[in-house]
Amino acid sequence: MSAEPRPPRLRMRIVFGDIGMMGPGKAELLERIDRTGSIAAAGREMNMSYKRAWTLIETLNAMFRQPVVESARGGPGVGGAHLTETGRAVLRHYRAFEAAARQAGAAEIAAIQRLTRDIPDGE
């Protein structure tokens, strides 16, 4: 008995020239920081090192006119991180862009999927 085939996924990355890019991984990191209040915890949830998570946040903060994440040093109950208004706006616009692209391209994606080969057991 094989599992139900997974539907196609659309993974959008917006490249802003030499400034940087915004994609699904950075969006997910922002969402997890917003939920957990911690860059370290958000990174752990994504199986990402603390250094990698911090590097991505530094990149995002440098891309925009205002920081997307602000953090305070310290241990539990003292430190933490939160999205700024700019961060919330970037995340909201990125997710809206993804949804619009998914909706606009649904028929074309379905047409392409109909042309794909059936692969047993996802191999």
Would you be so kind as to tabulate the donor-acceptor pairs closer than 3.5 Å made by side chains of residues 61-68, with sequence neighbours excluded?
from  : atom 1 : to    : atom 2 : distance (Å)
Asn61 : OD1    : Val68 : N      : 2.6
Asn61 : OD1    : Val69 : N      : 3.1
Asn61 : ND2    : Val69 : O      : 3.1

Determine all donor-acceptor pairs shorter than 3.5 Å in which one atom belongs to a side chain in residues 98-109; sequence neighbours excluded.
from  : atom 1 : to    : atom 2 : distance (Å)
Glu98 : OE1    : Arg95 : NH1    : 2.7
Glu98 : OE2    : Tyr94 : OH     : 3.3
Glu98 : OE2    : Arg95 : NH1    : 3.3

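Rounding to the nearest 0.5 Å gives a distance of 7.0 Å between CD1 of Ile14 and CE of Met12. The CD atom of Glu70 sits 10.0 Å away from atom CG of Leu83, with the distance rounded to the nearest 0.5 Å. Here the straight-line distance linking atom CD1 of Ile33 with atom NZ of Lys26 works out to 12.0 Å at 0.5 Å rounding. Distance check: His82 NE2 to Ser38 OG gives 13.5 Å after rounding to the nearest 0.5 Å.
Surrounding CZ of Arg35 are more than 12 heavy atoms belonging to other residues, nucleotides or ligands, all under 6.0 Å away.
Met21 and Trp54 are assigned to two separate hydrophobic clusters, defined by single-linkage of ILVMFWY side chains at heavy-atom distances under 4.5 Å. Taken together through direct or relayed side-chain contacts under 4.5 Å among Ile, Leu, Val, Met, Phe, Trp and Tyr, Leu30 and Phe16 form part of one hydrophobic cluster. Hydrophobic clustering (side-chain heavy atoms under 4.5 Å, transitive across Ile, Leu, Val, Met, Phe, Trp, Tyr) groups Tyr50 together with Met48.
In this structure, Met46 and Glu28 have side chains that are in contact, with non-hydrogen atoms separated by less than 4.5 Å.
Taking all atoms of both residues into account, the shortest heavy-atom contact from Leu91 to Ala27 is CD1-O, 3.6 Å. The two atoms that bring Arg11 and Pro24 nearest to each other are NH2-CG, 3.4 Å, heavy atoms only. Contact detail for Gly43 and Leu29: the closest heavy-atom pair is N-CD1, 4.2 Å. Closest heavy-atom contact between Ile39 and Ala53: CG2-CB, 3.8 Å.
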| said: Before you tell me yes or no, could you show the steps for Thr36 and Arg44 under side-chain contact (heavy atoms from CB on, under 4.5 Å), namely the whole-Å CA-CA distance, both residues' side-chain angles and the distance that decides it to 0.1 Å? | reply: CA-CA 11 Å; Thr36 65; Arg44 276 192 303 274; over 6 Å; no
